[in-house]
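Bear in mind the structure is a predicted one, so any value in this text is a computation, not a measurement.
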Amino acid sequence: MADTKILVAAIDFGSSGAGYAFSFAYQYKNNPLDISTSVWNNGNGPVQTKVPTVLLFDSRKKFHSFGFEAEDKYEELLNTNKADKWYFLKGFKMQLYSAVNAGEDIRKDFKLVDVAGKSISAKLVFSAAIGFLKDHFIQQMHWRKLGTFDDDIFWVVSVPSIWNDSAKQFMRESAEKVGIKGKKFIMVYEPEAASIYARLLPVDKLVGENGGVLLKAFDPGRKFIVVDAGGGTVDISAQQVLENGELKIIHRECGGPWGGECINKKFVNMLKELFGQEILKQFKKNNGEDFLQLLRDFEVKKKNLRVEGKESVTIRMPLSLIEESDILTAIASSRFKETIRLKRDKLLIAESLFETFFSEPIQMIIEKILSILKSETCSDVSAIMMAGGFSEADILQDAIKKEFQSLEVFVPIDGSLSVLKGAVIYGHNPNVVSSRVCYYTYGVALAKPFDSSIHDPEKRYFWDGREMCDSLFEVLFQIDEEVHIGQTKTIDVGETFLSRDTDEFRHDPIIYQFMVSNKKDPFYITDEGCMEHGSIIVSPPNGTWPQIVHGKILLKIAGTELVGTFLNEDTLEETSVRFEFLPSINKNPERQRLFDPFYLDI
């Protein structure tokens, strides 16, 4: 990590919107909130701070465009019947979550599906997304002639807190693929970034229930919950403000795929029930432009829905869809006959039905908050901060306020940008989050002298004339343990090559396996819930190991990542690794998807 950060730039791309923010060191020193954001113009209205997270690749899988330009070009291709061989990606961030959750091995790569079901390399897509935002930012810096060089930039990418190490490693490798060097790059959890930003806001930017100004949520000692609700995922974190103003994570971050696009899925499922699976499938295939416009219209109405608003919500329906079916008869014979009406080309959805689209994700969010509040460390939480685009939905805010009436519920004025701006602040000072809670028990696989009173005879083997026990789990950090940034735990290790039988191994590397477990005190690395987390491969000095090797294994908490190191105490050489892979607890050999990019499971 660079000691001096001349310029920090943060990238945030969610399931629906993407952007970047930045500030120079002098700005951070004078006013940490002096942060600039990206601006985008789609030609049809005011400039926006985020651009749609969509990418377009040509028939040779070469990156073509991102955001508004990608949407416009794809519509042009649809109109001219040339879209079949192109690749239009939307919702791909959730596909990464789905792949990891299904137990896929994503260490090298995996396949995404575009809106038409065609496969394309996930690493190609993610690196293109990061690369586009990176290049756009650098281009803006050059146009402004600010005298900065690419190597001056320290990059931060925000990630959901429910992502495990495999997803984070995939993101790191995607960034490195487009030239973002590892030492100039870190990741930050989205709910942590949101609270990092909000705690620095002046009080007139923090408005609580009934318009009251929130004054005490960020006082030293206060505990609060952050609900970062985006388009794809909802991340929930419990935090405490320390006396020095730093943040302490007091509960393992949690959450799930309950973001705003769950509501889109409910809407599309309703259409499928009304029109029939085959008709909707053909509509999507033959009238792609109309289909995209329909989802856009719904997105606007979803965001603008107000509690106790109008009696119905109006969605403009494409004539190409209406003409392909007897929609009036379908409505009359459906379970929606009392809650849906068609008036020319407008579908009028009763507010009571529209609100049911929100019920499942809202219930999941509430249940997760309730489970956190039952924890002993969170029993005295006094406030809930809501961040992310979905948190701006009036219906979600109202549900949270009604359920948790004893807590102050507030949303920063620019809550949708709180993650992005907080990521910039975190880049300037990663130590602002002083401690976190371990998701798993972490340790290393070791062999020790065999003890018949405690060791399994099946794990006994002989080495250098000694009885040894293999596959022991040496615990370094335990699940739910509070750990501090920079904290390191160490164990002594040693290898011997004394007997003639071991001479052939003196030229081979020594491999130390780092392990994780969802149990607090695993004994063997073969116990249920144990998984390999990463390995250090240590080559012999000068090509040959001495007869006795003295060393230490160090495991360091490095922000949102872990760094494992082997120290050869004889040569003082170090070999380190950032963990590559953490598979899902429940592996499934079959590729599974939670949903397709447009939630059309047809």
Determine whether F497 and V549 satisfy the following criterion, side chain to side chain contact (heavy atoms under 4.5 Å, CB included), listing intermediate values before the conclusion.
CA-CA 8 Å; F497 301 90; V549 181; 4.1 Å; yes

State, with a plain yes or no, whether a side-chain heavy atom of [X] is found less than 4.5 Å away from one of [Y].
{"X": "I263", "Y": "P361", "result": "yes"}
{"X": "L89", "Y": "I120", "result": "yes"}
{"X": "I510", "Y": "W545", "result": "yes"}
{"X": "D109", "Y": "F170", "result": "yes"}
{"X": "I35", "Y": "I425", "result": "yes"}
{"X": "I553", "Y": "F514", "result": "yes"}
{"X": "S195", "Y": "F224", "result": "yes"}
{"X": "L420", "Y": "S158", "result": "no"}

Between S576 and K556, does any side-chain donor sit less than 3.5 Å from a side-chain acceptor?
no

Polar contact flag, side-chain donor to acceptor under 3.5 angstrom, S174-S127:
no

Shortest non-hydrogen contact from [X] to [Y]?
{"X": "Y524", "Y": "C469", "result": "CE2-SG, 4.0 Å"}
{"X": "L396", "Y": "A229", "result": "CD2-CB, 4.2 Å"}
{"X": "K459", "Y": "S471", "result": "CD-CB, 4.3 Å"}
{"X": "I525", "Y": "C530", "result": "O-CB, 3.2 Å"}
{"X": "V577", "Y": "S535", "result": "CG2-O, 3.7 Å"}
{"X": "N518", "Y": "E528", "result": "OD1-O, 4.2 Å"}

So how far is it from [X] [atom1] to [Y] [atom2], rounded to the nearest 0.5 Å?
{"X": "W258", "Y": "I362", "atom1": "CH2", "atom2": "CD1", "answer": "13.0 Å"}
{"X": "K5", "Y": "S23", "atom1": "NZ", "atom2": "OG", "answer": "11.0 Å"}
{"X": "T526", "Y": "E458", "atom1": "OG1", "atom2": "CD", "answer": "10.0 Å"}
{"X": "T571", "Y": "H550", "atom1": "OG1", "atom2": "NE2", "answer": "12.5 Å"}
{"X": "D480", "Y": "T441", "atom1": "CG", "atom2": "OG1", "answer": "8.5 Å"}
{"X": "F523", "Y": "D456", "atom1": "CZ", "atom2": "CG", "answer": "9.5 Å"}

Verdict with supporting geometry, I511 and I536, side chain to side chain contact (heavy atoms under 4.5 Å, CB included):
CA-CA 6 Å; I511 300 176; I536 296 180; over 6 Å; no

Partners meeting salt bridge (charged side-chain N to carboxylate O under 4.0 Å, His left out) with D508 (sequence neighbours left out)
none

Backbone N or O of [Y] within a donor-acceptor pair of the [X] side chain at under 3.5 Å?
{"X": "Q405", "Y": "K402", "answer": "yes"}
{"X": "Q513", "Y": "E532", "answer": "no"}
{"X": "D464", "Y": "R466", "answer": "no"}
{"X": "Q397", "Y": "S391", "answer": "yes"}
{"X": "Q240", "Y": "R222", "answer": "no"}
{"X": "K519", "Y": "G529", "answer": "no"}

Residues that K177 engages under side chain to side chain donor-acceptor pair (under 3.5 Å), provided they are two or more places apart:
none

For E574, check side chain to side chain donor-acceptor pair (under 3.5 Å) against everything at least two apart and list the hits.
none

Taking everything shown except E176 itself, do over 12 heavy atoms lie less than 6.0 Å from its CD?
yes

For residues 432-442, which residue pairs qualify under salt bridge (Lys or Arg N to Asp or Glu O under 4.0 Å), counting only residues two or more places apart or in two chains?
E192-R436

Partners of [X] by ring pair (Phe, Tyr, Trp, His ring centres under 6.0 Å), sequence neighbours excluded?
{"X": "F450", "value": "H455"}
{"X": "Y20", "value": "H136, F137"}
{"X": "W463", "value": "F505"}

Listed by chain and number, what are the side chain to side chain contact (heavy atoms under 4.5 Å, CB included) partners of [X], not counting sequence neighbours?
{"X": "D380", "result": "K223"}
{"X": "K489", "result": "L476, F477, E481, Q487"}
{"X": "P160", "result": "K93, I162, W163, E190, T233, D235"}
{"X": "P32", "result": "Y28, L200"}

Can you list, pair by pair, the side-chain donor-acceptor contacts under 3.5 Å of residues 365-374, counting residues two or more places apart and other chains?
from	atom 1	to	atom 2	distance (Å)
E367	OE2	Q363	NE2	3.3
S371	OG	K368	O	2.7

Quick one: do I249 and S237 satisfy side chain to side chain contact (heavy atoms under 4.5 Å, CB included)? Show the steps, please.
CA-CA 7 Å; I249 308 304; S237 173; 4.1 Å; yes

Test side-chain contact (heavy atoms from CB on, under 4.5 Å) applied to W155 and I130, I180, I186, the passing residue
I180

Evaluate side chain to side chain contact (heavy atoms under 4.5 Å, CB included) for V241 paired with L247, printing each intermediate quantity in order.
CA-CA 5 Å; V241 182; L247 296 173; 4.1 Å; yes

Distance flag, aromatic centroids of F126 and F92, threshold under 6.0 Å
yes

